[in-house]
Visitor: 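Mind looking over this structure? Questions follow.
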Amino acid sequence: MVDYDPNIIQTIEDDRPRIPVGLLSREEKDRLIERGFLGLYRWYVAKSQEKRNWNPDLSFDWRAFRKDHSPEVVRILEGFFAVEQYVPDYVTTLLRVIRKSHGRSHFHIRWGAEEERHAELWHNAVLFSGQRDGEWLRGYMGDLRANMWQLPWDDPIHMIFYTVFQERATQVNYLNLGVIARGKSELEMFANDADPILDAACRTIAADEAAHYNFFLEGARLYMYYYPTKAIEAMSDVIKYFAMPAGNIIPNYDRFAELVHKAAIYGPREHAKDVVQVALKNLGVAGRKALENGIKRSRLVPDEDGNLRETAVFEGIDFQFIQSAVQRIFGRIEGHERESGLWEVDPTPFVPNYA
Ligand SMILES: [Fe+2]
Ligand SMILES: [Fe+2]
C-alpha cells in the first residue's frame with residue numbers, strides 16, 4: 001500500500017486556483033439579460049423625457065445661425081446630416097434582429113426617435129447656413145436614400161458592442177465640432193467659425209449620444225457578466241472591423257472623412273484614444289492586448305453534473321468591475337421601479353451569476 005499524506009486532498013483543494021464559475025443556466029441568464037434591458041429601457045425613457053426633451057426646430061434660434069461659416073464647416077454639417085438621415089435603415093434592420101426582446105426592441109424605437117431628431121437638427125443647420133437651399137437638400141437626400149444601410153453584424157451581441165463604439169464615436173465627433181463652434185479650434189481654416197447656435201446644437205446632440213452610449217454600455221456589461229466568452233469575442237471582432245455607419249454608401253465619403261480628420265474632429269487618433277480606449281476602460285478591459293489575451297485564455301470548466309460552465313477568469317479584464325457595474329444597473333432599475341410602484345407588482349432584482 002502506498003503511504004500518502006492524509007491531507008493531500010485538502011492540500012490540492014486549497015492550492016486550486018479559485019475560479020468563479022457561472023452558476024446560472026442559459027435560460028436564467030437570458031431571462032436576466034432580458035429583464036435588465038427592459039428595466040433599463042423604462043428607466044431611460046423617464047430620464048430622456050425629463051432631461052432631454054428638446055425639439056430640433058424650436059430649441060434653437062436658427063435665424064441667428066451664422067451665414068458666413070467656412071465652406072469646411074458647411075461640408076461637415078452636410079456630412080453629419082448624411083450619416084444621421086439613414087435612421088429608417090438603422091431602425092428597421094436591427095429591429096428585425098432584436099424584435100423578440102421586449103426591452104431591446106422598444107428601446108430601439110425610442111433610440112430611433114432620438115436619432116431622427118438629429119437628422120432634422122443637421123438638416124436645419126445646413127439650411128440656415130444659407131449656403132445650401134431646400135431644393136439642393138432634397139436632391140442630396142434623394143441621392144443618399146438611393147442606397148440602403150446594411151447591418152455590419154446580424155446578431156444581438158455583436159450589435160450591442162457595435163453601438164457602444166459607434167455612439168461614443170458620434171459623441172466625439174459632435175463634441176469636437178463644438179470646439180470649432182466655440183472658436184477654440186487651433187486651425188486656421190476655422191478661425192472665423194465661432195457660433196453660439198452651432199455650439200448649442202453640438203452640446204444638445206452630444207448629450208443624446210452620451211445617453212445612447214451609456215445605455216448600450218450597460219447592455220454590453222450585462223452580456224459581459226452573463227456571457228463573458230461570447231461577449232469579449234464579439235467586442236474584439238467589432239473593434240477589429242469597426243467603421244463609422246454609412247461610410248460605404250455616402251457619395252464622396254472619403255473626402256468627408258479626410259476633412260473631419262484634418263479638422264481634428266475624428267481620425268485614427270481620436271478613434272483610438274477617445275473611443276476605443278474609453279469604451280474598453282468602461283468595460284473593465286485594460287486595453288486591446290488584454291482583450292486578445294482574454295479570448296485566448298477564456299475557458300469552460302465542468303460543474304459536478306458534468307455541464308460546462310463559463311469561468312470569469314480573463315487576464316486583463318476586471319471582472320469584479322463588471323459585476324459591480326451590473327449590480328449598479330439593477331440598483332438603478334430598482335430605484336425606478338420603486339418610484340413607479342412596479343417593484344411591488346413585478347420587481348427586477350439582481351441575481352449573481354458567480355459564487
Ligand atoms: Fe445621432
Ligand atoms: Fe446616437
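All values below were derived from every heavy atom in this structure, side-chain atoms included, with hydrogens, water molecules and symmetry-related copies excluded. When a ligand or atom number is given, it counts from 1 through the structure's own listing order. Only a predicted model underlies this, so the values are computations on that prediction, with no experimental measurement involved.
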Visitor: Flag this pair as yes if the NZ/CZ of K230 is under 6.0 angstrom from the six-membered ring centre of Y227 and inside a 45 degree cone about the axis; otherwise no.
Guide: yes
Visitor: Angle between ring planes, Y162 versus W149, binned at 30° and 60°: parallel, tilted or perpendicular?
Guide: tilted
Visitor: With sequence neighbours excluded, tell me which residues meet ring pair (Phe, Tyr, Trp, His ring centres under 6.0 Å) with F190.
Guide: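 In terms of ring pair (Phe, Tyr, Trp, His ring centres under 6.0 Å), with neighbours along the sequence ignored, F190 is linked to no residue.
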Visitor: Going by an N to O cut-off under 4.0 Å, is there a salt bridge joining R182 and D199?
Guide: yes
Visitor: Tell me, please, which residues at least two apart from R132 pass side-chain contact (heavy atoms from CB on, under 4.5 Å).
Guide: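 R132 satisfies side-chain contact (heavy atoms from CB on, under 4.5 Å) with V74, R75, E78, V126, W136 once adjacent residues are dropped.
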Visitor: Please list, in chain and residue-number order, the protein N/O/S atoms closer than 2.8 Å to the Fe ion (ligand 2).
Guide: E115 OE2, E167 OE1, E167 OE2, E209 OE1, H212 ND1
Visitor: Which atom name does E84 have for its N/O/S atom nearest to the Fe ion (ligand 1)?
Guide: OE2
Visitor: I'd like to check the salt bridge (Lys or Arg N to Asp or Glu O under 4.0 Å) partners of E116; sequence neighbours left out, ordered by chain and number.
Guide: none
